[in-house]
Peer 1: 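First the structure, which I've put down as structure tokens, then a few questions once you've had a look.
Proteins get letters first, then strands, A, B, ... in listed order; numbering begins at 1 in each.
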Amino acid sequence: MEEIVSLAKRRGFVYQGSEIYGGEAGLYDFGPYGVELLNNIKKNWWRWNVQLKPNYVGLDSAMFKDPKVWVASGHVGGFADPLAECKKCNTRIRVDKELEKIGVPADEKMTEQELGTLFDGNRDKIKCPNCGAKDFTNVRMFNMLVTSNLGDFTGENDTPVYLPGEACQGIYLNFKNIVDTTRMKIPFGVAQIGKAFRNEISPRNFLFRTREFEQADTQYFIRPHENEADYQRIKQDRWQWFLNLGIREENLRWKQHEHLVFYAKDAWDIEYNYPSYGFDEVEGIHDRTDYDLSQHMKYSGTDLNYTDPKTGEKYVPWVLETSMGMGRIFLAVLSDAYKVEEVEGGGTRTVLKLKPELAPVKCAVFPLLKNKPELVARAREVYEILSQNMMCEFDDNGNIGKRYRRQDEIGTPSCVVVDFQTLEDGTVTVRDRDTTEQRRVGIEELVSNL
RNA sequence: GCGGGCGUCGUACAAUGGCUAGUAUGCCAGCCUUCCAAGCUCGAGAUGCGAGUUCGAUUCUCGCCGCCCGCACCA
């Protein structure tokens, strides 16, 4: 993993966020090659889920939403617990619950200060349930939602808005809009790629757990209780997508959730075998019943029932969700493609064996020699032509082997060389990243050949 | 957030309470080069940030920030 992080930095895929200021934990910037790879993964995902599925449509919802959205979703209430930690064994206690146990009225809606005062006044009566010690840290509120001050001009910020804790809420909010304005009929799906923010206590493992991240979600709306067959089908479809992306199947596995949240019927993760950390979640596939739409009905007062156009039956649809972390799939793609090969005659070659459609640069164009102006000029022309159709790079630095290696490290599938024969018959050599073999083709055929 | 470790050019390493902080590689430019990191020349590039001790701090002390490991967290 260290090698991959190092390559990602060295070759301009991923940088630490705000690095020149000392860095910000849990934030990463995608560099010139990183953004290409990321966009290519997104493009592939969108094609698979929107373009190729007749009953799916796309969406891009506003990141800021009515604060009540996050109350309805359970993020506000469920994640504002006042906690203190035992200094001996690091066990965490719910301060409000422990205070109530000893007869002190308290609840989780009180402020951190109020609870802190109550807690400090009763420290001698509260023992750690695990080790019995009475030595606790100060009370802290933990809420993973990130707040902002959108629309607050007074600076008092007594009505904070939240940055999205998950991207998928935008889909539920627009369920009715999509039913009303398109010809979508249940069952149908909505796909969205969007940003999410969480105040992770300790972001860790490079792109794996970050405070700002991007999720690629699909929500499939179905008739109540008719979840089983579709759930199985969607699980298989998602597995196939990972294989289609070029991920090796032996590095993937299923993991079923052991502790389901109360409303969920079933939940499985697709895990990838990351270098160093081992298998961990890339995507969750959840059978969520009608929880999300029902909650938004309740809190918004808007009727989100669906009326079946044929039978007239009214119901709140159930939802089958797929939710993938873009950083996690990015890291999986990079890890899976990374190879260090032994080279004949000693030495090694670092190569990213990316599926060509994912490669940041599709084709690099070199003149065989730099000090022959006619070769350089002709190579420039070829580069101009190819750039019209794909991401290309021109390189005339150093010797040719060096340029090949440079492209290998960023996963460029093809390198085109303009040599002396090009000047005579208009053919160039095309060198393959994986085999390092070359073939000669005419410039006109290049685009179709690549 | 807690405990432990760490922080020197892009990367990987070296050195030092005081002389211009060194090497490799990468990068830039030039020369050379008729296909897989050859060679020569030139150049840019670092002590994470801030305070303290000191005549003088990259080096010692403290705080902050970041990274790694473990715990906890991950709806």
Peer 1: Considering every strand shown, what is the Watson-Crick or G-U wobble mate of rC55(B) when both distances are under 3.5 Å?
Peer 2: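 Partner of rC55(B): rG18(B).
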Peer 1: F242(A): which residues meet the ring-ring contact (aromatic ring centres under 6.0 Å, His included) condition with it, sequence neighbours left out?
Peer 2: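 With neighbours one apart ignored, the set is empty.
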Peer 1: Quick check: any donor-acceptor pair below 3.5 Å linking the side-chain of R204(A) to the base of rG70(B)?
Peer 2: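 Indeed there is one.
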Peer 1: Grab the CG-C1' distance between L7(A) and rG26(B) for me, whole Å please.
Peer 2: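 The answer, rounded to whole Å, is 13 Å.
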Peer 1: Map R406(A) and Y277(A) onto RNA chain B by nearest heavy atom, then report which one ends up closer to the 5' terminus.
Peer 2: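 Mapping each residue to its closest nucleotide by heavy atoms, the 5'-most match is R406(A).
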Peer 1: Are K9(A) and E19(A) ion-paired here, with the side-chain N under 4.0 Å from a carboxylate O?
Peer 2: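 Yes, charged N to carboxylate O under 4.0 Å.
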Peer 1: Cation-pi check, R11(A) to Y33(A): give yes when NZ or CZ is under 6.0 Å from the six-membered ring centre and within 45° of the ring axis, no otherwise.
Peer 2: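 Not satisfied by the 6.0 Å and 45° rule.
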Peer 1: Can you tell me the base-pairing partner of rU33(B)? Count Watson-Crick or G-U wobble geometry only, both distances below 3.5 Å, and say none if there is no partner.
Peer 2: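 Answer to the pairing question: none, since rU33(B) forms no Watson-Crick or G-U pair.
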Peer 1: Identify whether NZ of Lys or CZ of Arg in R198(A) sits under 6.0 Å from the centre of the six-membered ring of F213(A) and within 45° of that ring's axis.
Peer 2: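 Negative - R198(A) is either too far from the ring of F213(A) or too far off its axis.
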Peer 1: Which part of the nucleic acid does T436(A) contact within heavy-atom distance under 4.0 Å: base, sugar-phosphate only, or nothing?
Peer 2: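 Base: the residue T436(A), judged by heavy atoms under 4.0 Å, touches a nucleobase.
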Peer 1: Is a donor-acceptor pair below 3.5 Å formed from side chain R198(A) to base rC74(B), judging by atom type as modelled?
Peer 2: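 Per atom types, no contact qualifies.
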Peer 1: Could you tell me the Watson-Crick or G-U partner of rG48(B), where both distances fall under 3.5 Å? Say none if there is no partner.
Peer 2: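 WC or wobble partner is rC64(B).
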Peer 1: Take atom C1' in rC6(B) and the same atom in rG48(B), then report the distance between them in whole Å.
Peer 2: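 Straight-line distance between the two C1' atoms is 12 Å.
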Peer 1: Provide the distance between the two C1' atoms, one in rU8(B) and one in rG39(B), to the nearest whole Å.
Peer 2: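 Nearest-Å result for rU8(B) against rG39(B) at atom C1': 30 Å.
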Peer 1: For nucleotides 31-33 of chain B, which of its nitrogen or oxygen atoms have a protein nitrogen or oxygen under 3.5 Å away, and what is each distance?
Peer 2:
from    : atom 1 : to      : atom 2 : distance (Å)
rU33(B) : OP2    : N371(A) : ND2    : 3.0
rU33(B) : O4     : K370(A) : N      : 2.9

Peer 1: Pick the P atom in rA37(B) and in rC69(B), then give their distance to the nearest Å.
Peer 2: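 Taking atom P in both rA37(B) and rC69(B), they lie 35 Å apart.
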Peer 1: Sticking with atom C1', work out how far rC9(B) lies from rU58(B), rounded to a whole angstrom.
Peer 2: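 Their C1' atoms lie roughly 14 Å apart.
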Peer 1: Where the side chain of R405(A) is concerned, which of rU34(B), rC35(B), rC36(B) is the nearest nucleotide?
Peer 2: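 Closest nucleotide to the R405(A) side chain: rC36(B).
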Peer 1: Are Y15(A) and Y28(A) an aromatic pair, judged by ring center distance below 6.0 Å?
Peer 2: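 No, the ring of Y28(A) stays outside the 6.0 Å limit from the ring of Y15(A), centre to centre.
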Peer 1: Across all strands shown, which nucleotide pairs with rC42(B) by Watson-Crick or G-U wobble geometry, both distances under 3.5 Å?
Peer 2: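 Pairing partner: none.
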Peer 1: So E19(A), base contact, sugar-phosphate only, or nothing? Heavy-atom distance under 4.0 Å.
Peer 2: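 Answer is nothing: E19(A) stays at 4.0 Å or more from every strand.
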Peer 1: Could you measure between the two P atoms, the one in rA57(B) and the one in rG52(B), and give it in whole Å?
Peer 2: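 So the two P atoms sit 11 Å from each other.
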Peer 1: Is Q438(A) side chain donor-acceptor paired with the rC35(B) base, going by distance under 3.5 Å alone?
Peer 2: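 Indeed there is one.
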Peer 1: May I ask you to say what R349(A) touches in the nucleic acid, namely base, sugar-phosphate or nothing, with a heavy-atom cut-off under 4.0 Å?
Peer 2: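 Nothing, no heavy atom under 4.0 Å.
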Peer 1: Without decimals, in angstroms, what is the distance between R431(A) CZ and rA37(B) P?
Peer 2: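 Value for this atom pair: 10 Å.
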Peer 1: Rounded at 0.5 Å granularity, tell me how far CD in E214(A) sits from CD1 in I41(A).
Peer 2: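 If I round to the nearest 0.5 Å, the distance is 11.0 Å.
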Peer 1: Quote, to the nearest angstrom, the C1' distance that separates rG22(B) from rC40(B).
Peer 2: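 Here rG22(B) and rC40(B) have their C1' atoms 22 Å from each other.
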Peer 1: With C1' as the reference atom in both, quote the distance from rG5(B) to rU41(B) in angstrom, rounded to an integer.
Peer 2: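 Between the two C1' atoms, the distance is 44 Å.
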Peer 1: Whom does rA24(B) pair with, Watson-Crick or G-U wobble, provided both distances fall under 3.5 Å?
Peer 2: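 rU11(B) - that is the nucleotide pairing with rA24(B), both distances being under 3.5 Å.
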Peer 1: So, for Y220(A) and Y56(A), is the gap between ring centers shorter than 6.0 Å?
Peer 2: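 Yes, they do, as the ring centres are separated by less than 6.0 Å.
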Peer 1: Given the P atoms of rA15(B) and rC60(B), what is the spacing between them in whole Å?
Peer 2: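 The answer is 13 Å between these two P atoms.
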Peer 1: How close or far is atom P of rC27(B) from atom CD of E409(A), stated in whole angstroms?
Peer 2: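 One finds 9 Å between P of rC27(B) and CD of E409(A), rounded.
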Peer 1: What does T429(A) touch in the nucleic acid at a heavy-atom separation under 4.0 angstrom: a base, only the sugar-phosphate, or nothing?
Peer 2: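 If one applies the 4.0 Å heavy-atom cut-off, T429(A) turns out to touch a base.
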Peer 1: Are N397(A) and rC27(B) close enough that a side-chain N or O sits under 4.0 Å from OP1 or OP2?
Peer 2: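 No, because none of the side-chain N or O atoms of N397(A) sits under 4.0 Å from OP1 or OP2 of rC27(B).
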Peer 1: Paired with rG3(B): which nucleotide, if any, by Watson-Crick or G-U wobble criteria at under 3.5 Å for both distances?
Peer 2: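 Pairing partner, where one exists within any strand: rC69(B).
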Peer 1: Out of rC67(B), rG26(B), rC35(B), which nucleotide sits closest to the side chain of Q16(A)?
Peer 2: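 Nearest nucleotide to the side chain: rC67(B).
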Peer 1: What is the per-nucleotide protein-contact pattern of nucleotides 40-50 of chain B, from the 5' end, where B denotes a base atom under 4.0 Å from a protein heavy atom, S denotes such proximity for sugar-phosphate atoms only, and - denotes neither?
Peer 2: -----------
Peer 1: Under 4.0 angstrom, heavy atoms only, what part of the nucleic acid is G165(A) near: base, sugar-phosphate, or nothing?
Peer 2: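 Base, at least one base atom sits under 4.0 Å.
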Peer 1: Could you tell me whether R11(A) contacts a base, only the sugar-phosphate backbone, or nothing, with contacts defined as non-hydrogen atoms closer than 4.0 Å?
Peer 2: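 The answer is nothing, as R11(A) stays clear of every strand by at least 4.0 Å.
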Peer 1: With D266(A) as reference, evaluate K235(A), Q256(A), H257(A), Q232(A) under the side chain to side chain donor-acceptor pair (under 3.5 Å) test and give the passing residue.
Peer 2: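 Only one of K235(A), Q256(A), H257(A), Q232(A) forms a side chain to side chain donor-acceptor pair (under 3.5 Å) with D266(A), namely Q256(A).
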Peer 1: Working to the nearest 0.5 angstrom, can you tell me the gap between L163(A) CG and M63(A) CE?
Peer 2: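 One gets 5.5 Å once the value is rounded to the nearest 0.5 Å.
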Peer 1: For the backbone of F208(A) and the side chain of R328(A), can you confirm whether one donor and one acceptor N or O come within less than 3.5 Å of each other?
Peer 2: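 Looks like yes, one N/O pair under 3.5 Å.
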Peer 1: F208(A) has an atom CZ; how far is it from atom P of rC69(B), in whole Å?
Peer 2: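 F208(A) atom CZ is separated from rC69(B) atom P by 13 Å.
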Peer 1: When rounded to the nearest 0.5 angstrom, what is the spacing between CG in L320(A) and CD1 in I234(A)?
Peer 2: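 The CG atom of L320(A) sits 4.5 Å away from the CD1 atom of I234(A).
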Peer 1: Of E281(A) and K9(A), whose nearest nucleotide on RNA chain B comes first from the 5' end?
Peer 2: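 The residue whose closest nucleotide sits nearer the 5' end is K9(A).
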Peer 1: Should I270(A) and R238(A) be marked as a side-chain contact (heavy atoms from CB on, under 4.5 Å) after you check the CA-CA gap, both sets of side-chain angles, and the distance that decides it?
Peer 2: CA-CA 9 Å; I270(A) 293 178; R238(A) 292 308 304 148; 4.0 Å; yes
Peer 1: Check the distance between rC36(B)'s C1' and E342(A)'s CD and give it to me in whole angstrom.
Peer 2: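 Result: 16 Å.
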Peer 1: Using a 4.0 Å heavy-atom cut-off across all strands, classify Q421(A) as base, sugar-phosphate, or nothing.
Peer 2: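 Counting heavy atoms under 4.0 Å across all strands, no contact is made by Q421(A).
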Peer 1: Provide, to the nearest angstrom, the distance between the CD atom belonging to E200(A) and the P atom belonging to rC2(B).
Peer 2: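 That distance rounds to 17 Å.
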Peer 1: What is the distance from atom CG of L352(A) to atom CG of D408(A), rounded to the nearest 0.5 Å?
Peer 2: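 Reported value, rounded in 0.5 Å steps: 9.0 Å.
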Peer 1: Could you tell me the separation between the NZ atom of K402(A) and the C1' atom of rC28(B), rounded to a whole number of Å?
Peer 2: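 Atom-to-atom, K402(A) to rC28(B), this comes out as 11 Å.
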Peer 1: Report the distance from atom CD1 of I410(A) to atom P of rG10(B), rounded to the nearest whole Å.
Peer 2: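 It is 21 Å, rounded to the nearest whole Å.
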